[in-house]
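Taking it in order: structure first as structure tokens, then the write-up.
All figures in this text were calculated on a predicted structure; none of them were measured in a lab.
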Amino acid sequence: MPDLVADRLAIADLVHAYAQGVDRRDPEGVAQLFTPDGTFVAYATPGDREPTSRSEGHAEITRAIAMARHYRATTHTIGSHLAAVEGDRATGETRCVAYHVLGDEGDETLLVWHIRYLDRYARRPEGWRIHERVLRVDLVSDQPLRVG
């Protein structure tokens with residue numbers, strides 16, 4: 001049981017490191033959280049049947065995550081996370097609310113995505129890594145942002 005608890009905590013740390021890396025605008029660091037042959041698949045519009053993008057390997061994942069630089073700022077807040085560990089593999093689901101600031105100073109918009117990440121993880125010599133992350137945006141809202 002202690003190994004299971006340690007594994008689940010390590011995977012939870014991985015999930016939080018991903019969110020923090022995106023918010024810190026560190027796409028290379030985020031890509032390193034994936035296995036070398038990892039996959040990142042995004043469904044950016046609620047109800048999409050086909051992915052908006054699919055990235056494989058660290059270089060492509062770095063480019064995909066770098067797209068967040070389009071926003072003036074982001075904040076990813078993890079709402080819930082569950083992982084099921086089976087040996088050196090695990091699956092997980094994470095709920096996240098992601099806040100994206102767009103626009104010029106004084107005319108900002110807040111774009112809010114309610115995200116569901118469906119993950120497969122793999123234990124590597126350096127620790128747990130994301131092998132596949134499927135991002136599904138379930139709900140989107142946007143509104144003017146008042147600062148101050």
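- At least one donor-acceptor pair under 3.5 Å links the side chain of R129 to the backbone N or O of Q32.
- Remark: the backbone N or O of D107 is not paired with any side-chain donor or acceptor of D104 at under 3.5 angstrom.
- Ionic pairing of R123 and D7 is present here: one or more N-O contacts between side-chain nitrogen and carboxylate oxygen are shorter than 4.0 angstrom.
- Screening residues 39-67 for ring pair (Phe, Tyr, Trp, His ring centres under 6.0 Å) gives no qualifying pairs among residues at least two apart or on separate chains.
- The shortest heavy-atom contact between V134 and D119 is N-OD1, 4.3 Å.
- A donor-acceptor pair under 3.5 Å is absent between the side-chain atoms of E28 and the main chain of D26, judged by distance alone.
- A distance-only check finds no donor-acceptor pair linking the side chain of D23 to the backbone of Q20 [under 3.5 Å].
- Remark: R95 engages D138 in a salt bridge, criterion side-chain N to carboxylate O under 4.0 Å.
- Remark: H81 engages T94 in a side-chain hydrogen bond (donor to acceptor under 3.5 Å, both in side chains) (not counting sequence neighbours).
- Around the CZ atom of R72, the shell of radius 6.0 Å holds more than 12 heavy atoms that belong to other residues, nucleotides or ligands.
- In this structure, R133 satisfies the cation-pi test against Y18, with its NZ or CZ atom closer than 6.0 Å to the six-membered ring centre and inside 45 degrees of the ring normal.
- Across all their heavy atoms, A90 and I11 have their closest contact at CB-CD1, 3.7 Å.
- Using a 3.5 Å distance cut-off with no hydrogens or angles, the side chains of T35 and H131 do pair a donor with an acceptor.
- Although no hydrogens or angles enter the test, the distance criterion places no donor-acceptor pair under 3.5 Å between the side chain of T39 and the main chain of E132.
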